[in-house]
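Sequence positions, counted from 1, serve as the residue numbers for this chain. Counting starts at 1 for both ligands and their atoms, following the listed order. Keep in mind that this is a model prediction, so the values were computed, not measured.
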Amino acid sequence: MILITGCAGKTGRNVLQALVEREEPVRALVYQPEQIDLVESIGAQDVVVGDMNSAEAMREAVQGIRAIYHIPPNVSPYEISIGQTMIAAAKEAGVQHFVYHSVLKPQSEAMPHHWRKLRVEELLLESRMLYTIMQPAVYMQNLLVHWKKILQEGIYAVPYPTATRLSFVDLRDVAQAAAIVLTGEGHEFAQYELVGTEGISQSEVASILGKELGRPVQAVSIPIDTWRRQAKESGLGEEQIETLTKMFAFYQQYDFIGNPRVLGWLLEYPPTTLNKFIRQVHKEMDSPHQVPV
Ligand SMILES: NC(=O)c1ccc[n+]([C@@H]2O[C@H](COP(=O)([O-])OP(=O)(O)OC[C@H]3O[C@@H](n4cnc5c(N)ncnc54)[C@H](OP(=O)(O)O)[C@@H]3O)[C@@H](O)[C@H]2O)c1
C-alpha cells in the first residue's frame with residue numbers, strides 16, 4: 001500500500017486519482033475528518049486523519065506501507081521538521097521507497113519555502129533510504145484562481161511585471177509522473193524536474209488565454225501591496241504572504257524557468273501545453289458534470 005500525505009489537497013487528489021487509475025491501493029493521510037469523504041470518493045482504500053507535525057500520529061500512519069508520497073503543507077514554516085518526522089517514521093517502519101514532493105529550483109535561498117525543501121532533500125540524501133525527489137514547476141492549475149476575473153473582465157492580474165517568464169506544468173502530468181515513479185522500477189536516488197513548458201511571459205499567458213477562450217484577455221501587473229491586501233482579505237496568513245512576496249520578487253528579478261525534457265522522457269509523451277490545458281478547463285467549466293481539478 002502507498003501512503004499519500006496532504007492527500008485532500010490539490011496535489012494529493014491528483015496523485016491519488018493517478019494511482020487509483022492504476023489500481024494501486026492507497027492510504028490517504030488527511031488533516032481534517034471532513035476530508036475523509038472526499039478522498040474515499042476518489043478511491044482511497046484506507047484513510048487516516050492526522051497532523052504531520054505529530055511524530056506519534058505519523059508513526060501510526062506509515063504502518064504496513066510499501067512506499068510514501070510525501071506532499072508537505074503549502075508554504076509551511078514547519079516543512080523541515082515535518083520532513084524529519086516523516087523520514088524518521090518511514091525509516092523506522094521499514095518503508096521501502098520515500099518519494100518527496102519538492103519544488104523546481106529549491107536551491108534559491110531568496111525563496112524561503114524553496115530553501116526549506118532543499119533542506120528536506122538533504123535529509124533524504126543522508127537518510128540511507130531509497131528515495132526519489134520530484135521538483136514540479138508552477139502549476140497551470142494556479143491560473144484557476146484568476147479564472148472568474150479572466151472570464152468576466154478579460155484581466156489576468158499578477159503581482160510582478162507582465163514580461164516575467166515562468167515555466168508551468170499541468171498537475172495531472174505531475175500526478176502521472178508520481179504514479180510512474182511509485183509503481184515502476186529504477187527511480188531510486190533520482191531527482192526529476194517536472195516542467196511542462198518553456199518560460200512563458202505573463203503577456204503570452206494572456207494571449208494564449210485570449211486565443212483559447214475566444215475573447216480578449218490582457219495581462220496586468222498589480223502593485224505588490226494590492227496583492228498583499230487581497231491575499232490577507234482572502235484569509236492567507238502573514239507568514240505565507242511574506243514568503244510568497246519574496247517568491248514574486250525572485251520571479252521579477254530572475255524569471256522562473258525550467259526545462260520540459262525530463263518530464264517528457266518520464267511520461268513517454270509530450271507534457272501538456274498551456275493551450276491544451278486552457279482548452280480542457282474551458283470545456284470542463286462548461287460541463288455541468290465536471291469540476292476542474
Ligand atoms: N502550487 C504550485 O504551483 C506548486 C508547485 C510546486 C510544488 N508545490 C508544493 O506542493 C505542495 C502541496 O501544495 P498543494 O497546492 O497541493 O497544497 P494544498 O492544496 O494546500 O494541500 C495541502 C494539504 O495538506 C493538508 N495539511 C496542512 N497542514 C497539515 C498538517 N499539519 N498535517 C496534515 N495535513 C496538513 C491541508 O489540509 P487543510 O486544507 O485542511 O489545511 C491540505 O489538504 C506544497 O508543499 C507546495 O509547496 C506547489
Can you list the atoms of ligand 1 that are under 4.0 Å from a heavy atom of I71? 11 (C), 12 (C)
Output the list of atoms in ligand 1 that are nearer than 4.0 Å to some heavy atom of M52, sorted by atom number. 30 (C), 31 (N), 32 (N), 33 (C), 34 (N), 35 (C)
Residues R172 and E21 bridged, charged N to O under 4.0 Å: no
Check the angle between the aromatic planes of F248 and Y160 and answer parallel, tilted or perpendicular using the 30° and 60° thresholds. tilted
Check ligand 1 against S102 and write out every atom of the ligand that is under 4.0 Å from a heavy-atom position of the residue. 7 (C)
Between H101 and ligand 1, which residue portion shows a heavy-atom distance shorter than 4.0 Å: side chain, backbone, both, or neither? side chain
Tell me whether A137 reaches ligand 1 (any heavy atom closer than 4.0 angstrom to a ligand atom). yes
Counting heavy atoms only, which part of L104 comes closer than 4.0 Å to ligand 1: side chain, backbone, both or neither? neither
Short N/O distance, under 3.5 Å, between E79 and ligand 1? no
Heavy atom of the protein closest to atom 14 (P) of ligand 1 (residue, atom name, distance): T11 OG1, 3.5 Å
Below 4.0 Å from any atom of ligand 1, is there a heavy atom belonging to H113? no
Please list the nearest protein heavy atom to atom 39 (O) of ligand 1 with its residue and the distance rounded to 0.1 Å. Q35 NE2, 3.7 Å
What about the rings of Y251 and F256, do their centers lie closer together than 6.0 Å? yes
Is it the case that R119 and Q84 place a side-chain donor and acceptor less than 3.5 Å from each other? no
For P72, the atoms of ligand 1 under 4.0 Å from one of its heavy atoms are 11 (C), 12 (C), 44 (C), 45 (O)
Are side-chain N/O atoms of T162 and Y156 paired as donor and acceptor at under 3.5 Å? no
Between the side chain of Q96 and the main-chain N/O of R66, is any donor-acceptor distance below 3.5 Å? no
Look only at the side chain of T132 and the backbone of V99, and say whether a donor-acceptor pair between them is shorter than 3.5 Å. no
Any K117 heavy atom less than 4.0 Å to ligand 1: yes
Who's closest to atom 36 (C) of ligand 1 heavy-atom-wise, of F168, Y31, Y78, Y100? Y31
Pair E153 + R215, salt bridge at N-O below 4.0 Å: no
Atom indices of ligand 1, in the order listed, that fall short of 4.0 Å to a heavy atom of G50: 32 (N), 33 (C)
Counting each atom of ligand 1 from 1 as listed, which ones have a heavy atom of V138 under 4.0 Å away? 3 (O)
Who's the nearest protein heavy-atom neighbour of atom 22 (C) of ligand 1, and how far? G9 CA, 4.2 Å
Does R261 pair with E198 as a salt bridge, N-O distance under 4.0 Å? no
Drop me the distance from S102's OG to R116's CZ, to the nearest 0.5 angstrom. 12.0 Å
Give me the nearest non-hydrogen protein atom to atom 8 (N) of ligand 1 as residue plus atom name, then the distance to 0.1 Å. Y139 OH, 3.5 Å
Aromatic ring centroids of F250 and H114 under 6.0 Å? no
Short list, please: which atoms of ligand 1 are under 4.0 Å from a heavy atom of A8? 43 (O)
For ligand 1, which atoms have a heavy atom of D51 less than 4.0 angstrom away? 30 (C), 31 (N), 32 (N)
Mind checking whether F189 and Y131 have ring centres under 6.0 Å apart? yes
Tell me: protein heavy atom nearest atom 19 (O) of ligand 1, and distance? K10 N, 2.9 Å
Of the protein's non-hydrogen atoms, which lies at the shortest distance from atom 24 (O) of ligand 1, and what is that distance? G6 CA, 3.6 Å
When you measure from atom 20 (O) of ligand 1 to every protein heavy atom, which one gives the shortest distance, and what is it? N74 CB, 3.9 Å
Roughly how far, to the nearest 0.5 Å, is the CG atom of D173 from the OH atom of Y139? 12.5 Å
In this structure, atom 27 (C) of ligand 1 is nearest to the protein heavy atom P73 CB, 3.6 Å
Hydrophobic cluster membership, with links at side-chain heavy-atom distances under 4.5 Å among I/L/V/M/F/W/Y: are I87 and I71 in one? no
